[in-house]
Amino acid sequence: MRNARSDPFTPGFGNLPRIFAGRSTELNDLTGMVDRLRDGVYEQPRMVTGDRGMGKTSLLLQFEQEQLEAGRWVVRAAATRDGAVIARLCRGLADVLWEHDVAGQLAETARSVLARLAGITVSSLGVSVDREHDTGAMSVGDELRDLLTATARLAREHDTVLVLLIDETQNIDLDTLGQLFYAIQEVQGITIVERDGDSGAMRRDSLPMAVVVAGLPGLVGRLKRAGSTFGERSRPHRLLALERPELLVALREFARDGGAAFDADAADIVADACGGYPYFLHVVGSHVWRAGDGEVIDAEEALLGVRQAAPYLADFYDQRLAEIGQLQRSYLATAATIPPEQRTSAVVAEALGRPSSQLGSTLGALIDTHGLLRSDGTGRLVFALPGLDRFLADRSP
Ligand SMILES: Nc1ncnc2c1ncn2[C@@H]1O[C@H](COP(=O)(O)OP(=O)(O)OP(=O)(O)O)[C@@H](O)[C@H]1O
Ligand SMILES: [Mg+2]
């Protein structure tokens, strides 16, 4: 029955959607990375970037679920500005160890690292944390390296892979980021030399530790400016809006999940209105769902739902625009009035009546810091948030 209770759409952030749309390229790559590490082959860390609400956390959650089902040891930590990400990782590692280190194989060093680094004690009774713990002057990078090494070795003995998922990486201060990436690189550089039982040949295995970091697009530039090579050493995945065919498949599945169906016109209307942006998919989808109670969602209900969702989308755009300064705003407003195929920085500068050279830092901030624009690789500027150009153009006098 189609009603508010059966609404399959879940607007919000950081939740795992009932239906996971698209992202098969990214998921295949992440799965392949873990499979190869399981075989002892080195794999670069992966860096997932994307605008707010583009689905980074959902991708990590979906991947985590799949990996847990495959028996991998997954530790996920979201960074906050208080610098607690390492303590959170330690906590996750301690939980994994407590769950799997049944025979107490974990080296005593790792136990003492957990105690020193995060005030964590792992015993047969469980995991406990000393909240007053102070890391003092110790080398966090080295300690973390030892802990990750010990855990990855244990994972190898259990024929599995330690999977580290770090979300909201843009929040980590540069000092902590340096220590974290140092530890990761050190562990990934360790090889174990073994003679192959069948062929007798020497094999050099990497430790099975997979790393995925996720964050806002500005992360890449921030790492570069801080002199970190992590960005260059990891394989990037930039999440963009979902493609139309993926979107249409997902809409069909969402509707089926709730016990209804979109007719073809209604599906097109919803797809147009959300532009493939995952957050909008839920906001628009939910309003359209609730615009009627029949088993088939038709175009009329879709149009009504889209109209009702519009103020929420406008709010979202307004919030994003509130982050930026006046010149950046006029840059965007002007760019929005130029047809997408002609939208280059030179054309925007001309329309603004200023030399391009004066607008470099404005454009740089819109791309790197705010992630509102990106370059499509051929010099054209693209609005990262679907529909923001239409929204601005409709508003301009
Ligand atoms: N592939 C997907 N299929 C269906 N829904 C999705 C998908 N990706 C994200 N969503 C939904 O979109 C919303 C935003 O996603 P999410 O919180 O993962 O974005 P994010 O990139 O992590 O944003 P932020 O930068 O604010 O943390 C959530 O409601 C989520 O359920
Ligand atoms: Mg997120």
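For the numbers below, each heavy atom of this structure counts, side chains included, while hydrogens, waters and symmetry mates do not. In listed order, ligands and their atoms are each counted from 1. This is a predicted model, so every value here is computed, not measured.
- Of the heavy atoms in Gln62, none comes closer than 4.0 Å to ligand 1.
- Ligand 1 is approached by Ile19 to a heavy-atom distance shorter than 4.0 Å.
- Contact annotation for Arg52 and ligand 1: heavy atoms of both the backbone and the side chain come within less than 4.0 Å of the ligand.
- Considering both main-chain and side-chain atoms, Arg23 never comes within under 3.5 Å of ligand 1 through any nitrogen or oxygen pair.
- The closest side-chain donor-acceptor pair between Gln326 and Gln328, if any, does not fall under 3.5 angstrom.
- Only the side chain of Leu216 comes within 4.0 Å of ligand 1, judged by heavy-atom distances.
- With respect to the salt-bridge test (charged N to carboxylate O, under 4.0 angstrom), the residues Asp167 and Lys56 do not qualify.
- Contacts of Asp51 with ligand 1, taken as heavy-atom pairs under 4.0 Å, involve the backbone alone.
- In this comparison of Gly50, Ala214, Ser58, the heavy atom closest to atom 16 (P) of ligand 1 sits on Ser58.
- In this structure, a donor-acceptor pair under 3.5 Å is present between the side chains of Glu66 and Gln62.
- Gly53 counts as a contact of ligand 1, since one of its heavy atoms falls under 4.0 Å from the ligand.
- Note that the CG atom of Leu363 and the CD atom of Gln358 stand 14.0 Å from one another [nearest 0.5 Å].
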